[in-house]
Visitor: 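The structure that follows is given in the form of structure tokens.
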Amino acid sequence: MLAICKREFIQSFKGIKSIIVIAIFLITAYYSADFSNLFLSLSNDFTSEEKEVIHTIGISILIMFFGMLFVMGLSHDTVNREIHERTIRFLVTRTSRASIIFGKFLGIALFWFVCLLTSFVIISIFVRDFDLIIFFQSTSLAVYYSAFTVLMSVLLPKPSLTMFLSIVIGLAFPIFTGWVSLTSNVWISWLKYVLPFYYTEDQNFEFLVILLLAGVMIYIALLVFRRREC
């Protein structure tokens, strides 16, 4: 499992798409910290809660509105690529199917953890403060996106299909989640409890529920993968 995790983690850094995404995060972190100090110096109208989150608002918006798009865009074919290229046959003879799923999930999640940690460190250098709650909330969202990506890659056999859906789902997910959170329709509003944004509205430890939801998706992915012929 650790070997697969390491391979997936290193693979995530390769390619022009990865470089672009990393650059977007680092640039957002830099200007988020830089402009937040400017806003605070120009106005005293911010509440205490707004002052606490203004430094990280750029990264928070980035991970909420574009996180799914970035994660799926980079890793949409993490499992079905192995099936399509038939390298999965080599893997299943060397390790268990559970190790393959968990290794790939952990490798993807670790990549985004490093990206977010680096971004928050850059912010903390400027503002001399590291907001642990918002960092963990952002990380939990990245873990959720990683689990969803692995699940989709297991359910859908063709990399070309997951590549197309990575764009559609990546763009539609924040819109759909926002609509579910705001709608008064009782037949739809309950969906907010199985979507991650509901558990990041307050600065508390509700983000742990997001990790639980991610665990459920990985468990489903494992059940499907165990029944699939390779």
Side-chain angles (χ1 to χ4, degrees), residues 1-29 56 59-60 62-64 66-82 87-88 91 94-125 130-154 159 162-163 166 169-170 173 196 199-200 205 207-222 225:
M1 182 178 73
L2 292 179
I4 295 175
C5 174
K6 179 181 177 181
R7 175 174 170 246
E8 195 67 34
F9 175 71
I10 295 174
Q11 189 69 29
S12 297
F13 284 94
K14 297 179 179 180
I16 186 65
K17 289 191 295 184
S18 301
I19 296 173
I20 292 174
V21 169
I22 293 171
I24 290 174
F25 268 85
L26 297 183
I27 292 172
T28 301
T56 57
I59 292 296
S60 298
L62 191 65
I63 195 68
M64 289 181 69
F66 299 102
M68 181 69 83
L69 179 64
F70 289 157
V71 177
M72 291 195 71
L74 292 182
S75 306
H76 65 90
D77 58 350
T78 181
V79 177
N80 57 24
R81 180 186 68 247
E82 305 281 7
T87 53
I88 196 68
L91 291 177
R94 297 286 180 173
T95 187
S96 67
R97 298 195 177 209
S99 295
I100 295 173
I101 294 298
F102 286 123
K104 287 186 171 292
F105 164 67
L106 291 175
I108 296 170
L110 182 60
F111 168 78
W112 291 104
F113 174 82
V114 171
C115 289
L116 286 170
L117 179 61
T118 304
S119 300
F120 274 78
V121 168
I122 291 174
I123 294 173
S124 68
I125 292 174
F130 193 101
D131 197 316
L132 281 174
I133 292 295
I134 296 181
F135 170 70
F136 286 133
Q137 285 180 336
S138 300
T139 302
S140 66
L141 288 175
V143 170
Y144 181 96
Y145 300 150
S146 301
F148 183 84
T149 300
V150 172
L151 177 59
M152 289 294 100
S153 191
V154 170
T162 50
M163 181 176 66
S166 68
I169 296 176
F173 183 80
Y199 302 102
T200 60
F205 291 94
F207 67 85
L208 294 174
V209 179
I210 302 176
L211 301 180
L212 178 62
L213 295 174
V216 171
M217 286 190 288
I218 290 299
Y219 179 70
I220 295 173
L222 179 58
F225 189 58

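Excluded from the calculations below are hydrogen atoms, water molecules and symmetry mates; all remaining heavy atoms, backbone and side chain alike, are included. Computed from a predicted model, the values in this text were never measured in an experiment.
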Visitor: Taking all non-hydrogen atoms of both residues, which atom of M1 and which atom of S99 are closest, and how far apart?
Guide: CG-O, 3.7 Å
Visitor: Does CZ belonging to F66 count more than 12 external heavy atoms closer than 6.0 Å?
Guide: no
Visitor: How close do S153 and T162 get, heavy atom to heavy atom, and via which atoms?
Guide: CA-CG2, 4.3 Å
Visitor: In Å, rounded to the nearest 0.5 Å, how long is the span from CD1 of I134 to CG of L116?
Guide: 12.5 Å
Visitor: A side-chain contact here means heavy atoms from C-beta on lying under 4.5 Å apart; do I133 and F205 qualify?
Guide: yes
Visitor: Inspect the surroundings of CZ in F13 and state if more than 12 heavy atoms from other residues, nucleotides or ligands are less than 6.0 Å away.
Guide: yes
Visitor: Calculate, to the nearest 0.5 Å, the distance between atoms CD1 and CZ belonging to I4 and R94 respectively.
Guide: 12.0 Å
Visitor: Within the structure provided, determine whether F105 and V79 are in side-chain contact (heavy-atom separation under 4.5 Å).
Guide: no
Visitor: To the closest 0.5 Å, what do you measure between CG (L106) and CD1 (I101)?
Guide: 11.0 Å
Visitor: Flag the pair P196 / F173 as yes when at least one side-chain heavy-atom distance between them is below 4.5 Å, and no otherwise.
Guide: yes
Visitor: Would you name the heavy atoms of M217 and L151 that are closest together and state the gap between them?
Guide: O-CD1, 3.9 Å
Visitor: Considering non-hydrogen atoms only, spot the tightest contact between I123 and I59 and give its length.
Guide: CD1-CG1, 3.8 Å
Visitor: Please examine the side chains of F135 and L117, heavy atoms only from C-beta on, and report whether any two atoms are closer than 4.5 Å.
Guide: yes
Visitor: Mind checking whether F111 and F9 have parallel, tilted or perpendicular rings, split at 30° and 60°?
Guide: perpendicular
Visitor: Grab the two heavy atoms, one from V154 and one from A221, that are nearest each other, plus how far apart they are.
Guide: CG1-O, 3.6 Å
Visitor: Looking at NZ of K17 and CD1 of I22, how far apart are the two atoms once the value is rounded to the nearest 0.5 Å?
Guide: 13.0 Å
Visitor: Whether the side chain of T95 engages the backbone of L91 through a donor-acceptor N/O pair (distance < 3.5 Å, no angle test) should be reported.
Guide: no
Visitor: In Å and rounded to the nearest 0.5 Å, what is the OG1 to CG distance from T118 to L26?
Guide: 6.5 Å
Visitor: Hey, does L141 have a side-chain heavy atom less than 4.5 Å from the side chain of W112?
Guide: no
Visitor: Begin with the C-alpha distance, continue with both residues' side-chain angles, and end with the deciding distance and a verdict on side chain to side chain contact (heavy atoms under 4.5 Å, CB included) for I88 and I100.
Guide: CA-CA 9 Å; I88 196 68; I100 295 173; 4.1 Å; yes
Visitor: So, taking the atom named CG in L2 and the one named CZ in F102, what distance separates them when rounded to the nearest 0.5 Å?
Guide: 13.0 Å
Visitor: Show me the pairs that pass salt bridge (charged side-chain N to carboxylate O under 4.0 Å, His left out) and involve residues 100-121, at least two apart or across chains.
Guide: E8-K104, E82-K104
Visitor: Do L208 and S140 have side chains that get closer than 4.5 Å, going by heavy atoms?
Guide: no
Visitor: Looking only at heavy atoms, what is the nearest atom pair of S146 and I108, with distance?
Guide: OG-CG2, 3.4 Å
Visitor: Are any of the side-chain heavy atoms of Y145 and F70 separated by less than 4.5 Å?
Guide: no
Visitor: Just so I know, are the side chains of Y144 and L213 near enough to count as touching, which here means a heavy-atom distance under 4.5 Å?
Guide: yes
Visitor: Less than 6.0 angstrom separating the ring centers of F25 and F120, yes or no?
Guide: no
